[in-house]
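Remarks on the structure that follows.
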Amino acid sequence: MTTSFPPAAAAGLAPLLMPAVAELVPPAWAGYRPLIVEALDGFLGRLSGARLDAIVAAQLELPEDATAAARVVALARACPSLHKLGQVLARDRRLDAQLRVRLQTLESLPPETPAEVWLPLIRAEIGAVPHLEIAPQALAEASVAIVVPFARHGGIAPDARGVFKVLKPGIEAQLAEELAIWAELGDWLEARSAELGLPELPYRETLSGVQGLLLNEIRPETEQAHLAAACRRHAEDPNVLIPQPLEYCTPRLTAMTRIDGDKITEATGHRPRLARALYAALLAQPFWQPQAQTMFHADPHAGNLRVTADGRLAILDWSLVAVLDREARIALVRVVLAALAQDGALFARALAALGRPVREDALRALSAAALAEVRTGRLPGFDWLLSVLDRAATTRALEFPESLVLLRKALFTLAGVVAELDADCGAVPLLLKHAFDARSFDPRGFGPHVFAGDLGTLWLSGLPIAARWWAGYWQDWSGGRLPFLPVPG
């Protein structure tokens with residue numbers, strides 16, 4: 001029997017909110033509608049009474065004819081975990097366009113918390129600092145923090161402009177409460193999914209992994225370390241700007257240089273160039289780093305990406321990062337090369353190196369389907385690779401480590417932002433350009449050396465590769481799958 005959860009019993013909430021949630025589930029995912037509605041009902045029913053009352057009040061403030069999207073966005077603003085989920089989904093082109101537009105309002109929110117709340121928090125952290133002027137109004141409000149501008153004038157130090165990023169009052173307790181509920185719902189989600197006949201998904205493991213990663217949002221010292229590392233990486237890049245941490249940082253407060261600019265999706269010019277700069281800075285450059293581990297920005301929604309007046313790309317909010325080791329990056333290269341070589345065994349081994357195989361039958365089926373896609377005309381590019389990783393997770397062929405789970409979600413978000421800037425911008429050309437850039441050749445081991453070595457191996461085995469292509473082509477033809485591109489001889 002499915003584990004039961006108390007309903008969101010506050011007066012008037014369920015009739016207003018649950019139909020709105022059900023309405024916004026895309027038709028292609030209609031089978032998931034009961035699961036989503038029941039899970040949200042269980043989540044809300046386990047929140048504290050005070051928080052539930054605040055959510056009800058926010059819903060009642062909306063007009064009676066408020067759209068379903070408006071109601072869901074109002075709910076997301078009241079819950080940091082839902083707020084973050086909304087930011088991630090805001091550029092997902094698989095969702096309804098009206099919902100995406102609404103969710104995009106969560107990327108950059110106008111400040112609502114009054115100064116009498118956050119100003120004492122800042123003063124308590126930094127004390128009395130001569131020549132430092134804190135603005136009377138906040139600049140922005142994120143899912144867990146408030147951004148407040150300041151200026152330093154006179155004294156020995158040069159004038160400077162910066163921002164404080166201070167945690168919202170009580171946010172740690174709110175996020176801890178929500179993440180604990182989602183972790184508890186993991187078992188129920190898997191059981192209820194089976195009852196509904198839905199594909200078996202690793203809800204429990206995914207929610208548990210994301211829990212630890214989201215907790216970095218409320219750890220300012222972690223973001224400060226990430227900021228310093230990102231500044232070092234991009235120090236010589238004239239096209240990229242990263243906020244620099246300043247001396248006023250504390251374990252509960254981040255102080256950094258202020259970067260003014262427009263939200264990247266609102267840029268009026270240079271959009272194709274900005275799309276390429278995004279893939280270069282957030283994908284290609286970290287991917288080919290020679291270090292044993294490399295850091296990827298794991299929250300690249302449009303609110304964290306700005307364009308300065310001189311056309312530079314500013315990358316903000318480094319709370320969440322995904323760390324990928326060299327072996328995982330090598331395995332991703334080999335997944336693509338194995339698809340080109342039509343080598344099912346190598347493909348399965350490379351894919352398995354990215355996580356823990358759970359269902360060998362699903363892994364074999366995924367390998368066969370992915371190779372068939374390449375034979376019948378789909379190039380093994382960025383979108384193809386993301387779809388392969390997504391299917392590996394949804395079919396439970398593999399169980400991915402926490403960092404790769406976060407990276408997959410980040411790359412989907414990044415692809416959505418890039419597509420809005422330039423639908424024709426491809427990640428693969430930029431990856432290849434950086435792979436063979438002279439600056440990428442490094443004696444420490446990773447980069448084009450592995451890529452070129454694997455290409456050499458494939459070239460030497462050209463005859464078996466041709467044979468596999470032709471054998472696959474015959475299977476496609478006999479099975480009624482017609483290729484869109486000629487098969488190499």
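Hydrogens, waters and symmetry mates are skipped; everything else that's a heavy atom, side chains included, is used.
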Distance-only donor-acceptor check, side chains H301 and Q104, under 3.5 Å: no

Worked verdict on L40 versus I36 for side chain to side chain contact (heavy atoms under 4.5 Å, CB included): CA-CA 6 Å; L40 183 59; I36 294 171; 5.5 Å; no

From CA spacing to verdict: side chain to side chain contact (heavy atoms under 4.5 Å, CB included), L332, L389: CA-CA 10 Å; L332 287 170; L389 296 178; 4.3 Å; yes

Any donor-acceptor N/O pair, D262 side chain to R306 backbone, under 3.5 Å: no

Closest contact, heavy atoms only, E223 versus W318: OE2-N, 3.2 Å

From CH2 (W182) to CG (L189), nearest 0.5 Å: 7.5 Å

Heavy-atom donor-acceptor pair, R271 side chain to E420 backbone, under 3.5 Å: yes

Any residue meeting side chain to side chain donor-acceptor pair (under 3.5 Å) with R77, in chain and number order, not counting sequence neighbours: E112

Side-chain H-bond candidate by donor/acceptor type, T294 with Q289, under 3.5 Å: no

Donor-acceptor contact present, side-chain Q244 to main-chain T257, <3.5 Å: no

Residues R375, Q342; criterion side-chain hydrogen bond (donor to acceptor under 3.5 Å, both in side chains); working and verdict: CA-CA 8 Å; R375 285 195 306 272; Q342 289 294 291; 2.6 Å; yes

Side-chain touch L44/L75, heavy atoms, less than 4.5 angstrom: yes

T222 side chain reached by S319 side chain, heavy atoms, under 4.5 Å: no

V417 vs P300 side-chain heavy atoms within contact, under 4.5 Å: no

Minimal non-hydrogen separation, M295 against A230, with atom names: CE-N, 4.0 Å

Test item: H297 side-chain N/O and L283 main-chain N/O as donor-acceptor pair under 3.5 Å: no

Heavy-atom check, side chain of L139 versus side chain of R258, under 4.5 Å: yes

Atom pair CZ/CZ of R334 and R329 - distance to nearest 0.5 Å: 13.0 Å

Step-by-step side chain to side chain contact (heavy atoms under 4.5 Å, CB included) determination, W188 to L35: CA-CA 10 Å; W188 176 86; L35 183 71; 4.1 Å; yes

Exam field: side chain S403 to backbone V323, donor-acceptor pair closer than 3.5 Å: yes

Gap separating the CG atom of L386 from the CZ atom of R408, nearest 0.5 angstrom: 8.5 Å

W288 side chain to L431 backbone, donor-acceptor under 3.5 Å: yes

Any donor-acceptor N/O pair, R273 side chain to G311 backbone, under 3.5 Å: yes

Steps toward salt bridge (charged side-chain N to carboxylate O under 4.0 Å, His left out) verdict (R276, D422): CA-CA 9 Å; R276 294 192 299 272; D422 181 8; 5.1 Å; no

Smallest separation among heavy atoms of L185 and A39, with atom names: CD1-O, 3.9 Å

From CA spacing to verdict: side chain to side chain contact (heavy atoms under 4.5 Å, CB included), T265, L305: CA-CA 8 Å; T265 49; L305 305 169; over 6 Å; no

Sub-4.5 Å side-chain heavy-atom contact between D299 and K84: yes

Pair Q293-R326, side-chain donor/acceptor within less than 3.5 Å: no

Check: R349 and L363 side chains under 4.5 Å, non-hydrogen atoms: no

Contacts of F382 that satisfy ring pair (Phe, Tyr, Trp, His ring centres under 6.0 Å) - sequence neighbours left out: Y279

Exam field: side chain R391 to backbone S387, donor-acceptor pair closer than 3.5 Å: yes

E399 (side chain) donor-acceptor with R396 (main chain) under 3.5 angstrom: no

Sidechain-backbone polar pair: E178 side chain, S81 backbone, donor-acceptor under 3.5 Å: yes

Closest heavy-atom pair and its distance - A281, I315: CB-CD1, 4.1 Å

Spacing of CG belonging to L274 relative to CZ belonging to R312, to within rounding of 0.5 Å: 13.0 Å

L354 vs L351 side-chain heavy atoms within contact, under 4.5 Å: yes

Residue from N239, L313, V240 passing side chain to side chain contact (heavy atoms under 4.5 Å, CB included) with H234: V240

D317/K165 ion pair, N-O < 4.0 Å: yes

Atom of A280, atom of P286 and distance for their closest heavy-atom approach: O-CD, 4.2 Å

Distance, nearest 0.5 Å, that separates CG of D41 from CD of E38: 8.0 Å

Inter-residue atom distance L241.CG - D260.CG, 0.5 Å rounding: 10.5 Å

F347 and V335, any side-chain heavy atoms less than 4.5 Å apart: yes

SB check K168 E141 (cutoff 4.0 Å): yes

Closest approach of A22 to R33 (non-hydrogen atoms, all atoms of both residues): O-NE, 2.9 Å

